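The structure presented is a predicted model; accordingly, all values stated were derived computationally and were not measured.
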Amino acid sequence: GAFVSSSYYFRALPSWVSSLNARKLADGYAGKSWTLAQGAPTEPHVLPKTPEATLYSAVFASPFGNDLLLTLATEALEHEQLGQRGVTDVFSVSFSSNDSVGHKYGPDSPEVRDISVKTDATIGELLEAVDRRVGLANTLVMFTSDHGVAPLPETMIEHRMSGGRTDGPSLFDPIEKALQARFGSGKWILATAGTSPYLNYALIAKKKLDPAEVRRVAAEAAAGAAGGHVARVYTRDQLLRGQVAGDRVGRRVLAGFNAARSGDLEIVLEPNWIRGATGTTHGTPYNYDADVPLILMGPGLRAGRYAAPVALNDAAPTIATLLNITVPSGSAGRVLTEAILPGTGALSKPAEPRP
């Protein structure tokens with residue numbers, strides 16, 4: 001029921017955050033109902049009456065969580081004097097209650113519609129607070145999201161579209177059985193993340209096997225798993241060599257692969273198929289997961305709507321350019337020059353002659 005941080009930033013919370021926590025604002029939602037402005041709710045939304053963990057989880061999974069965050073954000077503007085000290089401040093606010101609601105009820109639900117409308121009003125209140133203290137004419141606003149979401153498979157089926165659910169056993173048991181049949185007994189899959197398995201390399205070494213061959217056999221088995229609803233399978237070896245289809249799906253799978261952290265197979269289910277018994281999720285290369293808004297507002301920007309594809313990692317170099325600072329060395333994105341007025345930020349500097 002309180003806001004927290006990390007010792008990476010400071011040993012103790014700022015006094016104003018501690019004072020905010022002492023007000024126990026989350027407790028005030030005990031027994032409160034989330035009423036939708038339009039449409040019938042999927043289920044009743046009455047929050048627990050006792051101030052404890054179940055209440056705080058319920059607050060987060062409702063528009064009330066965003067209301068609490070708005071309070072924190074406006075207090076931060078005041079107490080940290082953001083934008084009011086003669087320097088440029090970066091203020092990042094994530095209204096993540098929308099994520100919780102979307103996962104549970106799906107993007108087509110009355111609940112998602114309601115929290116979206118309410119979040120629009122909440123963001124309006126935050127911008128009004130910024131305008132009062134700093135002035136929106138002196139503020140660059142970037143609005144975006146970290147991912148999209150798959151529609152509920154049940155919704156797709158209702159509209160006679162493809163879609164469905166699978167679970168861990170139907171997806172990974174065929175891989176386990178194939179590896180046991182080919183290489184002998186043992187626990188071949190140690191863990192999974194989404195639709196990606198992590199193989200047991202201690203067992204592979206013990207049996208003196210070629211890891212690439214084990215991954216190949218696993219990929220063959222995965223191709224027929226999940227009741228035949230697997231669209232593509234890529235092994236770690238293929239991804240490291242860039243051996244993927246040159247289409248949008250293949251490029252997105254490759255862009256999402258991290259050699260140090262990703263699993264040994266990237267299994268892509270058919271569109272609108274998800275692993276999970278209830279609710280919905282994200283993490284595929286399909287458009288419903290990958291298309292997100294990227295909206296810029298403020299001085300130095302060329303108004304318009306741009307159809308060219310961009311990536312979220314274009315945000316950092318674009319902001320750096322507008323602030324006339326060096327683009328971060330680890331940035332892989334591009335500057336969105338089409339949306340920046342000439343003479344703005346680093347673009348106003350004359351090009352230096354090359355040696």
Side-chain angles (χ1 to χ4, degrees), residues 102 106-108 144-153 155-157 159-166 170-172 174-175 192-199 212 215-276 280-295 305-318 331-339:
D108 303 295
T144 189
S145 172
D146 55 341
H147 55 74
V149 68
L152 287 176
T155 300
M156 300 304 294
I157 294 171
H159 292 284
R160 300 183 181 181
M161 301 287 285
S162 64
R165 297 184 181 277
T166 188
S170 65
L171 186 59
F172 299 117
I175 301 174
T192 64
T195 57
S196 295
Y198 291 77
L199 299 178
R215 291 189 286 264
R216 188 191 65 77
V217 173
E220 286 184 355
H229 294 290
V230 171
R232 304 185 189 189
V233 182
Y234 295 106
T235 66
R236 164 177 291 273
D237 311 274
Q238 290 173 304
L239 294 169
L240 287 172
R241 292 193 293 263
Q243 295 175 333
V244 300
D247 59 8
R248 181 178 296 179
V249 170
R251 291 193 300 270
R252 285 174 174 172
V253 171
L254 186 60
F257 177 72
N258 184 309
R261 302 184 66 178
S262 293
D264 293 292
L265 302 179
E266 288 293 337
I267 303 173
V268 181
L269 298 176
E270 292 176 347
N272 304 314
W273 278 81
I274 63 174
R275 177 191 172 190
T280 186
T281 188
H282 48 84
T284 75
Y286 298 124
N287 288 341
Y288 53 74
D289 277 350
D291 283 354
V292 298
L294 181 59
I295 301 171
R305 181 170 180 170
Y306 302 91
V310 301
L312 285 190
N313 51 6
D314 297 335
T318 300
S331 174
R334 70 178 181 90
V335 178
L336 300 176
T337 54
E338 65 269 33

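Distance check: Phe172 CZ to Thr166 OG1 gives 9.0 Å after rounding to the nearest 0.5 Å. To the nearest 0.5 Å, the span separating OG1 on Thr192 from CG on Leu171 amounts to 8.5 Å. Interatomic distance, CZ of Arg165 versus NE2 of His229, reported as 13.5 Å (0.5 Å rounding). Of the inter-residue distances, the one linking Thr195 atom OG1 with Trp273 atom CH2 reads 14.0 Å to the nearest 0.5 angstrom. Atom CG in Leu199 sits 4.0 Å away from atom CG in Asp264 (nearest 0.5 Å). In this structure, NE2 on His147 lies 8.0 Å from OG1 on Thr281, to the nearest 0.5 angstrom.
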Donor-acceptor pairs are to be reported for all side-chain atoms of residues 307-315 against protein atoms at under 3.5 Å, with residues two or more places apart or in another chain.
{"residue": "Asp314", "atom": "OD1", "partner": "Arg334", "partner atom": "N", "Å": "2.8"}
{"residue": "Asp314", "atom": "OD2", "partner": "Ala311", "partner atom": "N", "Å": "2.8"}

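Residues Arg261 and Tyr198 come closest through the heavy atom pair O-OH, 2.7 Å. Ser262 and Gly256 get closest at one heavy-atom pair: OG-O, 4.0 Å. Residue Met156 comes nearest to Asn272 through the heavy atom pair CE-ND2, 3.4 Å, listed as atom of the first residue, atom of the second, then distance. Residues Val230 and Ala223 approach most closely at CB-O, 3.8 Å, considering heavy atoms. Listed here is the closest heavy atom pair of Tyr234 and Val253: CD1-CG1, 3.8 Å. Nearest heavy atoms, Tyr306 versus Ala339: OH-CA, 3.8 Å.
Side-chain contact check for Arg232 versus Val244: every heavy-atom pair is 4.5 Å or farther apart. Thr284 has its side chain out of reach of Glu270: every pair of non-hydrogen atoms, C-beta onward, lies at least 4.5 Å apart. Taking the side chain as every heavy atom from C-beta outward, Glu266 and Val233 never approach each other to under 4.5 Å. Taking the side chain as every heavy atom from C-beta outward, Arg252 and Asn287 approach each other to under 4.5 Å. In this structure, the side chains of Ile175 and Ile267 come closer than 4.5 Å at one or more pairs of heavy atoms.
Within the 3.5 Å criterion, the main-chain N or O of Gly283 finds a donor-acceptor partner in the side chain of Asp289. In this structure, the side chain of Thr235 does not engage the main chain of Leu265 through any donor-acceptor pair within 3.5 Å. Counting only distance, with no hydrogens or angles, the side chain of Thr318 and the backbone of Leu336 share a donor-acceptor pair below 3.5 Å.
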> What do the steps show when you test Leu152 against Asp108 for side-chain contact (heavy atoms from CB on, under 4.5 Å), and what is the final call?
Replying inline: CA-CA 8 Å; Leu152 287 176; Asp108 303 295; over 6 Å; no
